[in-house]
Structures are given as structure tokens and as C-alpha cells.
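Order of appearance sets the numbers: ligands from 1, and atoms from 1 within every ligand.
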Amino acid sequence: MAEKADKADHTDRRARRIADFIAPLRVPPGSDVDLAADYDPRYRAHLKKAQGAELLRTGVELLAEYQARLAAQDTYGVLVCLQALDAGGKDGTIRHVMTGMNPQGVQVSSFKVPSDEELDHDYLWRYARRLPARGDIAVFNRSHYEEVLVVRVHPEVLDRQKLPPSARRRGIWERRYREINDWERYLTDNGFKVVKIFLNLSKEEQRTRFLKRIDLPEKNWKFSAADVRERRFWDDYQRAFSEMLSATSTEWAPWYVVPADRKWFARICASAVLVHTLMELDPRYPTVGKKAREELLNVRRELEAEAPEGASEDPYAAAHPGAEPPLPRKRSRKGKAARR
Ligand code: ATP
Ligand code: MG
């Protein structure tokens, strides 16, 4: 009993530490964000890289445990939206944070320039098709937020969306923010938690990473001249991000601005945000009712009776003598005879 209370206490303390760690990254709902002034891409909470590896390991372990519970409970789904400018580190973050998870319960979707089929639908259609099922975690590598970012920065992209004139009037961005907030509220109310992470990269660090892609032959494949052209719109993007963060960080689905100039720190933050979300959901392994328990006991007796000559009745229980049996042990006839 005391052991159980200790464990709960330890979990509580850990949950509080994680909540404190990510608190400065959370965009308070209703705030008026000025990205450059409010969030420093180089912030690292006084952590050193060496400490970072250990923290990330802990995060990965916790995620594996909570994902297993989420899947077993089969009540909640989690949607993780990752946004960043080019070279912001989305791919690496997904790779590092999601290791340790059961691939059967995670789906990653990358959203690129929309296809003709996608443009033939309302703008949220392609994202809705990739939502997680209950028990699953879906990661959006870019997300429905592109609809108020790239589409806003490049008006010609909006032209391709075939909207009726009434949907293109002034106020379109405010309307999209509202529609996105409503959609996320609907998902949240129905058991689908929306986690939103923006990897906040500085312009100088982006320049460095682009140059690295040119300088190192094994990184050449990642280099894209289009990314460098997009960099000319840096200020427009900063404004679009600031407005998006101000308008769509809500109580039910807040944004987290993760400092991204140090990849190792960004990964710890992303992992902490996800762990925090899952800890709050606190999914539990389902417990069985009285009738199902009796059924389990009956089956156990049958299996014990099948033990071959010389084998233990219940090899698992024999190998874990100290463990508290999850079900009361009722001895089978064969068992009693064998012990005599
Ligand atoms: P990586 O470069 O690491 O492979 P990425 O996400 O940058 O990943 P790309 O294929 O390089 O993938 O780029 C995807 C492009 O699609 C981006 O330039 C993005 O702005 C664009 N895009 C995403 N969503 C939309 C959208 N709804 N409308 C128009 N363009 C979009
Ligand atoms: Mg790209």
C-alpha cells in the first residue's frame, strides 16, 4: 500500500516538474503575441546539452508507457500538430520524440502543396481525413495551420482554392481562425486532444542550417532552392505566425512555442509537451468486472491443469514470486496433488 502511495507521489512530482518546465512555452489564450519580442529561439532553461540526453530518454520512456495505456483504454485520441519554418527541425523532432512508441498506434501525415483532389474540397477536408482514431496518436508534419500561414503569405495560393466570392471577403483570416478553433473544440469535446507545437527558429540559425545542407554532401538532398526563396518572406511569416498564435491559442488547445535554435533542447521541449498532455489525460488500463474475473480464474485453472509433467503450473507466477498476484490464487486439484 505504502509503495503504491509512494509511486503516486513520485508521478505527481514528476507531472508538476514537467508542467513547470513547459509553462514558459505555453501561449496564454487571449494574448497578443509578437513572436520576435516574446519568444527567444535560443532559450534553453539553463540546461546543458549533456543533461538533455538524460531528460529526452526519460521523456521517451514515459511516452511509451502512456501510449500503451492510451491504446488500451481506447477512449481518447491525440493529435499533435507540428509547425515550423523550413529547416526548423520537424523531421528530427518526430524521429527522436516518437522513438519508443508502438508504430501501430502512431500515424505521421505530412502535408505538402495540396493536390487537385484536395483543392476540390473545403480547406479542412484533407486534415480531417488524417485524424487519429481513439487510442491512437496522429502527428501532423505541417497541419491545417498552413491554411492561415503559407496561404496567407502567398495570396496566389488562396486563388487556387476555388472559393466562392462570399468566402473570400475581408475578414477571411479571422473567419478561418474561428473555424479552426471551433473544429479543435469539437474534437476536444469528443475525446480528441489537440497538441500544437511551433518550432521557433531564428533567421540566422536557418541561414546556418541551409549552408550546412550545401556544405555537407550527405545533406545536399535536403537542400531546396525554393526554401531559400521562401526565406525572403521571413517578416511576412513572422507576422502570420504571431497573429495565428494570438488567435488560436485556446484553453482547450493551447500553442507551445518551442525554442528551436538548439535541436537537442527543442526535442526535450516537444517530448515534455506531449508527456504533459498524456499525463493530464491519464489513460488507464481497463479493469475487468466481477464476471470477467471469474472467467479468468476458470481459464487459469484450466491452463494450470495442462502443465506438462515436471513443468511449473504457472511459469509466469513462478518466475515472479514477489509480485502481488493480480487475481486471487485458487488452487486447482492437480496443483494440490502435485504439492503433496
Ligand atoms: P522537408 O523539406 O523536410 O521534406 P517540408 O514539410 O518542408 O519537409 P516540402 O515538400 O519541402 O516539405 O514542402 C512542402 C510545401 O508545401 C511547403 O512549402 C508548404 O508551404 C507547402 N504547403 C503545405 N500546405 C500547403 C497548403 N495548404 N497550401 C499551399 N502550400 C502548402
Ligand atoms: Mg521543405
Subject >> Which segment of Leu149 sits under 4.0 Å of ligand 1 when only heavy atoms are counted >> reply: neither
Original post:
Can you find an N or O of Lys90 that's nearer than 3.5 Å to an N or O of ligand 1?
Top reply: yes
Original post:
Can you tell me if Tyr127 has a non-hydrogen atom under 4.0 Å from ligand 1?
Top reply: yes
Original post:
In the protein, what heavy atom is nearest to atom 3 (O) of ligand 1, and what distance, to one decimal place, separates them?
Top reply: Asp91 OD2, 3.1 Å
Original post:
Going by the atom numbers of ligand 1, which of them fall below 4.0 Å from some non-hydrogen atom of Arg126?
Top reply: 24 (N), 25 (C), 26 (C), 27 (N)
**OP:** Would you kindly check if the NZ (Lys) or CZ (Arg) of Arg130 is within the cone defined by 45 degrees around the ring axis of Phe140 and under 6.0 Å from the six-membered ring centre?
**Re:** no
Original post:
Tell me: protein heavy atom nearest atom 30 (N) of ligand 1, and distance?
Top reply: Val150 CG1, 3.7 Å
Original post:
Do the ring planes of Phe111 and Tyr127 sit parallel (below 30°), tilted (30 to 60°) or perpendicular (above 60°)?
Top reply: tilted
**OP:** Return a yes/no value: protein heavy atom under 4.0 Å from atom 6 (O) of ligand 1?
**Re:** yes
**OP:** May I ask you to check if ligand 1 and Asn141 share an N or O to N or O distance below 3.5 Å?
**Re:** no
Original post:
Closest non-hydrogen protein atom to atom 16 (O) of ligand 1, residue and atom name please, with distance?
Top reply: Val113 N, 3.2 Å
Original post:
Near Val157, which atoms of ligand 1 are under 4.0 Å from a heavy atom of that residue?
Top reply: 28 (N), 29 (C)
**OP:** Using a strict 4.0 Å cut-off to heavy atoms of Asp86, name the atoms of ligand 1 that fall inside it.
**Re:** 7 (O)
Original post:
Using a heavy-atom cut-off of under 4.0 Å, does the side chain or the backbone of Pro114 touch ligand 1, or both, or neither?
Top reply: side chain
Original post:
Closest approach of Ile197 and Val80, non-hydrogen atoms and distance?
Top reply: CD1-CG1, 4.4 Å
**OP:** Identify the heavy atoms of Tyr145 and Gln83 that sit nearest to each other, and give their distance.
**Re:** CB-OE1, 3.8 Å
Original post:
How far does NZ of Lys212 sit from NZ of Lys222, to the nearest 0.5 angstrom?
Top reply: 10.5 Å
**OP:** Look at atom 12 (O) of ligand 1 and say which protein heavy atom is nearest, naming residue and atom and giving the distance to 0.1 Å.
**Re:** Lys112 NZ, 3.1 Å
Subject >> Protein heavy atom at shortest distance from atom 18 (O) of ligand 1 >> reply: Arg142 NH2, 4.3 Å
Original post:
Mind checking whether Gln161 has an N or O less than 3.5 Å away from an N or O of ligand 1?
Top reply: no
**OP:** Report yes or no: is the cationic atom of Arg69 (NZ for Lys, CZ for Arg) under 6.0 Å from the centre of the six-membered ring of Tyr66, at an angle within 45° of the ring normal?
**Re:** yes
Subject >> Test item: Thr93 and Arg95 side chains (from C-beta on) under 4.5 Å apart, heavy atoms >> reply: no
**OP:** Run the ring-centre check on Tyr256 versus Phe198 and record whether the distance is less than 6.0 Å.
**Re:** no
Subject >> Identity and separation of the nearest protein heavy atom to atom 2 (O) of ligand 1 >> reply: Asp227 OD2, 4.7 Å
Original post:
Of all the non-hydrogen atoms in the protein, which one sits nearest to atom 27 (N) of ligand 1, and at what distance?
Top reply: Glu147 OE2, 2.9 Å
Original post:
Can you find a pair of side-chain heavy atoms, one from Arg213 and one from Asn220, that are under 4.5 Å apart?
Top reply: no
Original post:
What about the rings of Trp183 and His144, do their centers lie closer together than 6.0 Å?
Top reply: yes
Original post:
In terms of atom number and element, which parts of ligand 1 are under 4.0 angstrom from non-hydrogen atoms of Phe111?
Top reply: 23 (C)
Original post:
Is any side-chain heavy atom of Glu243 less than 4.5 Å from a side-chain heavy atom of Val33?
Top reply: no
